[in-house]
Amino acid sequence: MLEQKVILITGANRGIGLTIAQVCTRLGAIVLLAGRNDAQLEIIAEQLGENAIPMAYDIADEEQVKAAFGHIKQHIGRLDGLVNNAGAMQSAPVGMTRIADLRAQLDVNTVATFQHAQLATRLMAKQQSGAIVNLCSIIGEQGSAGQAAYATSKAAVSGMTKAMAKEFAPLGVRINGVAPGFIDTDMTADFTAGQREEILANIGLGRMGNTQDVADLVSFLLSDHASYITGQIIGVDGGMRL
Ligand code: NAI
(Lines give C-alpha, C1' and ligand atoms only; values in the text may rest on other atoms or scores of the structure.)
Protein backbone atom coordinates (compact mmCIF):
# COMPACT_ATOMS: atom_id res chain seq x y z
CA MET A 1 0.00 0.00 0.00
CA LEU A 2 2.97 2.34 0.64
CA GLU A 3 5.53 0.61 -1.58
CA GLN A 4 8.73 2.69 -1.88
CA LYS A 5 7.05 5.86 -0.55
CA VAL A 6 9.45 7.99 1.50
CA ILE A 7 7.70 9.00 4.74
CA LEU A 8 9.04 11.22 7.54
CA ILE A 9 7.54 10.48 10.96
CA THR A 10 8.21 12.76 13.94
CA GLY A 11 8.33 11.32 17.46
CA ALA A 12 8.94 7.88 15.99
CA ASN A 13 10.74 6.54 19.07
CA ARG A 14 7.68 5.44 21.05
CA GLY A 15 3.90 5.37 21.35
CA ILE A 16 1.74 6.17 18.35
CA GLY A 17 4.74 7.34 16.26
CA LEU A 18 6.60 4.06 16.70
CA THR A 19 3.56 2.01 15.67
CA ILE A 20 3.05 4.25 12.62
CA ALA A 21 6.69 3.57 11.66
CA GLN A 22 6.17 -0.19 12.10
CA VAL A 23 2.97 -0.22 10.02
CA CYS A 24 4.47 1.94 7.27
CA THR A 25 7.58 -0.23 6.89
CA ARG A 26 5.38 -3.34 6.83
CA LEU A 27 3.44 -1.74 3.98
CA GLY A 28 6.64 -1.18 1.99
CA ALA A 29 7.54 2.43 2.82
CA ILE A 30 10.98 3.87 3.41
CA VAL A 31 10.59 5.61 6.77
CA LEU A 32 12.65 8.48 8.14
CA LEU A 33 12.48 8.28 11.92
CA ALA A 34 12.65 11.72 13.56
CA GLY A 35 13.33 12.03 17.26
CA ARG A 36 15.78 13.48 19.74
CA ASN A 37 17.54 10.36 20.97
CA ASP A 38 20.07 9.21 18.40
CA ALA A 39 21.00 5.92 20.08
CA GLN A 40 17.37 4.92 20.61
CA LEU A 41 16.47 5.70 16.99
CA GLU A 42 19.42 3.62 15.75
CA ILE A 43 18.10 0.60 17.67
CA ILE A 44 14.57 1.08 16.36
CA ALA A 45 15.83 1.49 12.80
CA GLU A 46 17.81 -1.72 13.12
CA GLN A 47 14.69 -3.55 14.32
CA LEU A 48 12.59 -2.16 11.47
CA GLY A 49 15.10 -3.18 8.80
CA GLU A 50 16.91 -1.56 5.92
CA ASN A 51 14.00 0.69 4.94
CA ALA A 52 14.17 2.65 8.20
CA ILE A 53 16.53 5.61 8.47
CA PRO A 54 17.12 7.37 11.82
CA MET A 55 17.19 11.17 11.79
CA ALA A 56 18.01 12.64 15.19
CA TYR A 57 17.00 16.26 15.70
CA ASP A 58 14.78 18.38 17.93
CA ILE A 59 11.58 19.08 15.99
CA ALA A 60 11.06 22.27 18.00
CA ASP A 61 14.41 23.77 16.94
CA GLU A 62 13.88 25.82 13.78
CA GLU A 63 17.45 25.51 12.51
CA GLN A 64 17.64 21.76 13.18
CA VAL A 65 14.40 21.25 11.23
CA LYS A 66 15.76 23.24 8.27
CA ALA A 67 18.93 21.15 8.36
CA ALA A 68 16.92 17.91 8.46
CA PHE A 69 14.93 18.90 5.37
CA GLY A 70 18.14 20.03 3.64
CA HIS A 71 19.47 16.53 4.27
CA ILE A 72 16.32 14.90 2.86
CA LYS A 73 16.45 17.09 -0.25
CA GLN A 74 20.13 16.46 -0.88
CA HIS A 75 20.45 12.79 0.03
CA ILE A 76 17.02 11.32 -0.66
CA GLY A 77 15.62 13.73 -3.19
CA ARG A 78 11.92 13.23 -2.53
CA LEU A 79 9.29 13.07 0.19
CA ASP A 80 5.95 11.31 -0.32
CA GLY A 81 4.58 11.48 3.20
CA LEU A 82 4.95 13.41 6.44
CA VAL A 83 3.39 12.45 9.76
CA ASN A 84 3.47 15.26 12.30
CA ASN A 85 3.11 12.98 15.29
CA ALA A 86 5.46 14.30 18.01
CA GLY A 87 3.52 16.08 20.70
CA ALA A 88 3.61 17.27 24.28
CA MET A 89 0.75 17.50 26.76
CA GLN A 90 0.77 19.27 30.14
CA SER A 91 -2.45 19.47 32.09
CA ALA A 92 -3.21 22.37 34.44
CA PRO A 93 -6.16 24.61 35.25
CA VAL A 94 -6.06 27.93 33.37
CA GLY A 95 -5.11 29.87 36.52
CA MET A 96 -2.15 27.58 37.20
CA THR A 97 -0.84 27.39 33.64
CA ARG A 98 2.58 28.96 33.30
CA ILE A 99 2.95 30.90 30.07
CA ALA A 100 6.29 29.14 29.54
CA ASP A 101 4.43 25.80 29.54
CA LEU A 102 1.84 27.13 27.10
CA ARG A 103 4.66 28.25 24.79
CA ALA A 104 6.46 24.91 25.11
CA GLN A 105 3.32 23.04 23.97
CA LEU A 106 2.76 25.52 21.14
CA ASP A 107 6.40 25.07 20.03
CA VAL A 108 6.18 21.28 19.78
CA ASN A 109 2.54 20.73 18.84
CA THR A 110 1.83 23.74 16.65
CA VAL A 111 4.92 25.60 15.42
CA ALA A 112 6.94 22.45 14.69
CA THR A 113 3.96 20.95 12.84
CA PHE A 114 3.63 24.13 10.79
CA GLN A 115 7.33 24.29 9.94
CA HIS A 116 7.50 20.61 8.97
CA ALA A 117 4.44 21.02 6.73
CA GLN A 118 5.90 24.20 5.25
CA LEU A 119 9.16 22.50 4.28
CA ALA A 120 7.47 19.24 3.21
CA THR A 121 5.02 21.01 0.91
CA ARG A 122 7.94 22.71 -0.87
CA LEU A 123 9.24 19.28 -1.89
CA MET A 124 5.79 17.79 -2.49
CA ALA A 125 4.49 20.69 -4.58
CA LYS A 126 7.45 20.26 -6.93
CA GLN A 127 6.61 16.57 -7.24
CA GLN A 128 2.89 17.42 -7.62
CA SER A 129 2.17 14.69 -5.09
CA GLY A 130 2.40 13.93 -1.40
CA ALA A 131 0.33 13.39 1.73
CA ILE A 132 0.63 14.95 5.18
CA VAL A 133 -1.08 13.63 8.28
CA ASN A 134 -1.17 15.82 11.39
CA LEU A 135 -1.90 14.35 14.82
CA CYS A 136 -4.67 16.55 16.19
CA SER A 137 -6.71 15.59 19.27
CA ILE A 138 -10.28 15.22 20.43
CA ILE A 139 -9.28 17.83 23.03
CA GLY A 140 -8.49 20.34 20.29
CA GLU A 141 -11.88 19.62 18.73
CA GLN A 142 -14.08 19.54 21.82
CA GLY A 143 -12.06 21.06 24.68
CA SER A 144 -11.36 19.55 28.10
CA ALA A 145 -11.37 21.23 31.52
CA GLY A 146 -7.82 21.50 32.84
CA GLN A 147 -6.22 21.20 29.42
CA ALA A 148 -6.73 24.63 27.86
CA ALA A 149 -3.09 25.08 26.81
CA TYR A 150 -2.94 21.68 25.11
CA ALA A 151 -6.37 22.31 23.51
CA THR A 152 -5.12 25.66 22.20
CA SER A 153 -2.10 24.03 20.58
CA LYS A 154 -4.11 21.18 19.03
CA ALA A 155 -7.07 23.28 17.82
CA ALA A 156 -4.49 25.32 15.92
CA VAL A 157 -3.29 22.14 14.24
CA SER A 158 -6.84 21.37 13.09
CA GLY A 159 -7.15 24.89 11.65
CA MET A 160 -3.82 24.74 9.87
CA THR A 161 -4.68 21.32 8.44
CA LYS A 162 -7.82 22.67 6.78
CA ALA A 163 -6.15 25.89 5.56
CA MET A 164 -3.10 24.09 4.16
CA ALA A 165 -5.31 21.44 2.53
CA LYS A 166 -7.07 24.21 0.58
CA GLU A 167 -3.79 25.87 -0.39
CA PHE A 168 -2.09 22.70 -1.58
CA ALA A 169 -4.95 20.70 -3.13
CA PRO A 170 -4.39 22.36 -6.54
CA LEU A 171 -0.76 21.24 -6.33
CA GLY A 172 -1.63 17.58 -5.74
CA VAL A 173 -0.74 17.53 -2.04
CA ARG A 174 -3.29 16.14 0.45
CA ILE A 175 -3.31 17.20 4.11
CA ASN A 176 -5.48 15.53 6.74
CA GLY A 177 -5.72 15.38 10.52
CA VAL A 178 -6.25 12.40 12.78
CA ALA A 179 -7.78 13.18 16.16
CA PRO A 180 -7.21 10.38 18.68
CA GLY A 181 -9.39 10.10 21.78
CA PHE A 182 -7.93 8.16 24.73
CA ILE A 183 -5.00 6.03 23.57
CA ASP A 184 -2.84 3.77 25.73
CA THR A 185 0.66 5.36 25.57
CA ASP A 186 3.17 7.10 27.86
CA MET A 187 1.16 10.29 27.37
CA THR A 188 -1.85 8.82 29.18
CA ALA A 189 0.09 6.60 31.60
CA ASP A 190 -0.22 9.05 34.50
CA PHE A 191 -4.03 9.25 34.44
CA THR A 192 -5.48 8.10 37.77
CA ALA A 193 -7.90 5.18 38.06
CA GLY A 194 -10.68 7.69 38.70
CA GLN A 195 -9.85 9.72 35.61
CA ARG A 196 -9.68 6.58 33.48
CA GLU A 197 -13.08 5.41 34.72
CA GLU A 198 -14.63 8.78 33.95
CA ILE A 199 -13.20 8.86 30.43
CA LEU A 200 -14.08 5.22 29.70
CA ALA A 201 -17.69 5.86 30.72
CA ASN A 202 -17.88 8.26 27.76
CA ILE A 203 -16.36 5.92 25.17
CA GLY A 204 -19.12 4.17 23.27
CA LEU A 205 -16.94 1.20 22.31
CA GLY A 206 -16.02 0.76 25.97
CA ARG A 207 -12.24 0.57 25.78
CA MET A 208 -9.12 2.70 25.48
CA GLY A 209 -7.67 2.90 22.00
CA ASN A 210 -4.34 1.35 21.15
CA THR A 211 -1.58 2.69 18.95
CA GLN A 212 -2.52 0.30 16.14
CA ASP A 213 -6.01 1.85 15.96
CA VAL A 214 -4.41 5.19 15.15
CA ALA A 215 -1.60 3.88 12.93
CA ASP A 216 -4.05 2.02 10.67
CA LEU A 217 -5.89 5.25 9.85
CA VAL A 218 -2.67 7.24 9.41
CA SER A 219 -1.23 4.69 6.98
CA PHE A 220 -4.49 4.64 5.01
CA LEU A 221 -4.45 8.45 4.72
CA LEU A 222 -0.83 8.34 3.52
CA SER A 223 -1.67 5.80 0.82
CA ASP A 224 -3.18 6.23 -2.61
CA HIS A 225 -6.35 4.55 -1.30
CA ALA A 226 -7.09 7.98 0.23
CA SER A 227 -6.34 9.90 -2.96
CA TYR A 228 -9.72 11.74 -2.88
CA ILE A 229 -9.55 12.69 0.82
CA THR A 230 -8.09 16.00 1.98
CA GLY A 231 -8.80 18.67 4.59
CA GLN A 232 -10.47 16.21 6.99
CA ILE A 233 -10.02 15.81 10.74
CA ILE A 234 -10.95 12.20 11.42
CA GLY A 235 -11.55 10.96 14.97
CA VAL A 236 -10.12 7.67 16.27
CA ASP A 237 -11.88 7.71 19.61
CA GLY A 238 -14.22 4.76 19.96
CA GLY A 239 -17.20 7.10 19.88
CA MET A 240 -15.94 9.34 22.70
CA ARG A 241 -18.00 12.28 23.92
CA LEU A 242 -16.68 14.93 26.30
P1 NAI B 1 4.02 9.98 23.62
O2 NAI B 1 4.23 10.91 24.74
O3 NAI B 1 4.12 8.51 23.86
O4 NAI B 1 4.98 10.36 22.41
C5 NAI B 1 5.21 11.69 22.03
C6 NAI B 1 6.39 11.74 21.09
O7 NAI B 1 6.72 13.10 20.79
C8 NAI B 1 7.64 11.10 21.70
O9 NAI B 1 8.23 10.31 20.72
C10 NAI B 1 8.50 12.30 22.05
O11 NAI B 1 9.88 12.01 22.04
C12 NAI B 1 8.13 13.24 20.89
N13 NAI B 1 8.52 14.63 21.15
C14 NAI B 1 8.01 15.47 22.07
N15 NAI B 1 8.67 16.65 22.02
C16 NAI B 1 9.62 16.53 21.03
C17 NAI B 1 10.63 17.39 20.49
N18 NAI B 1 10.82 18.62 20.93
N19 NAI B 1 11.43 16.92 19.48
C20 NAI B 1 11.28 15.66 19.01
N21 NAI B 1 10.32 14.81 19.47
C22 NAI B 1 9.53 15.24 20.47
O23 NAI B 1 2.60 10.34 23.04
P24 NAI B 1 1.59 9.61 22.03
O25 NAI B 1 0.41 9.25 22.81
O26 NAI B 1 2.29 8.59 21.23
O27 NAI B 1 1.19 10.86 21.14
C28 NAI B 1 1.45 10.99 19.74
C29 NAI B 1 0.60 12.14 19.22
O30 NAI B 1 -0.79 11.84 19.38
C31 NAI B 1 0.85 13.46 19.96
O32 NAI B 1 0.82 14.53 19.03
C33 NAI B 1 -0.34 13.56 20.89
O34 NAI B 1 -0.64 14.89 21.26
C35 NAI B 1 -1.44 12.91 20.05
N36 NAI B 1 -2.56 12.42 20.84
C37 NAI B 1 -2.41 11.40 21.75
C38 NAI B 1 -3.50 10.97 22.49
C39 NAI B 1 -3.41 9.85 23.50
O40 NAI B 1 -4.44 9.54 24.13
N41 NAI B 1 -2.26 9.22 23.68
C42 NAI B 1 -4.83 11.59 22.34
C43 NAI B 1 -4.86 12.64 21.36
C44 NAI B 1 -3.77 13.04 20.65
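These numbers come from the heavy atoms of this one structure, side chains and all, not from hydrogens, waters or symmetry mates. Along the sequence shown, residues are numbered consecutively beginning with 1. Ligands are counted one by one from 1 in listed order, and the atoms in each one are counted from 1 as well.
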Query raised in the report: Can you name the one residue among T113, N134, V178 that meets side chain to side chain contact (heavy atoms under 4.5 Å, CB included) with T161?
Result: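 Among T113, N134, V178, the one that satisfies the side chain to side chain contact (heavy atoms under 4.5 Å, CB included) with T161 is N134.
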
**Report entry** Test side chain to side chain contact (heavy atoms under 4.5 Å, CB included) applied to V83 and T10, I16, L135, the passing residue
**Finding:**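 When T10, I16, L135 are each tested with V83, the side chain to side chain contact (heavy atoms under 4.5 Å, CB included) holds only for L135.
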
Query raised in the report: Mind checking whether I7 and I72 sit in one hydrophobic cluster, side chains of I, L, V, M, F, W, Y counted as touching below 4.5 Å?
Result: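 No.
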
Query raised in the report: Is there a path from L41 to M55 through hydrophobic residues (I, L, V, M, F, W, Y) whose side chains come within less than 4.5 Å of each other?
Result: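 The answer is no; the residues belong to distinct hydrophobic clusters.
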
Report task. Please list, by chain and number, the protein residues whose heavy atoms come under 4.0 Å of ligand 1. Result ->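 Close residues (ligand 1, cut-off 4.0 Å): G11, N13, R14, G15, I16, R36, D58, I59, A60, N85, A86, G87, V108, L135, C136, S137, Y150, K154, P180, G181, F182, I183, T185, D186, M187, T188.
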
Query - Any side-chain donor near an acceptor of the partner, Q105 and D101, under 3.5 Å - result: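 Distance-only check fails for Q105 and D101.
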
Query raised in the report: In terms of ring plane angle, is the pair H116 and F69 parallel, tilted or perpendicular, where the classes change at 30° and 60°?
Result: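 It falls in the perpendicular class, over 60°.
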
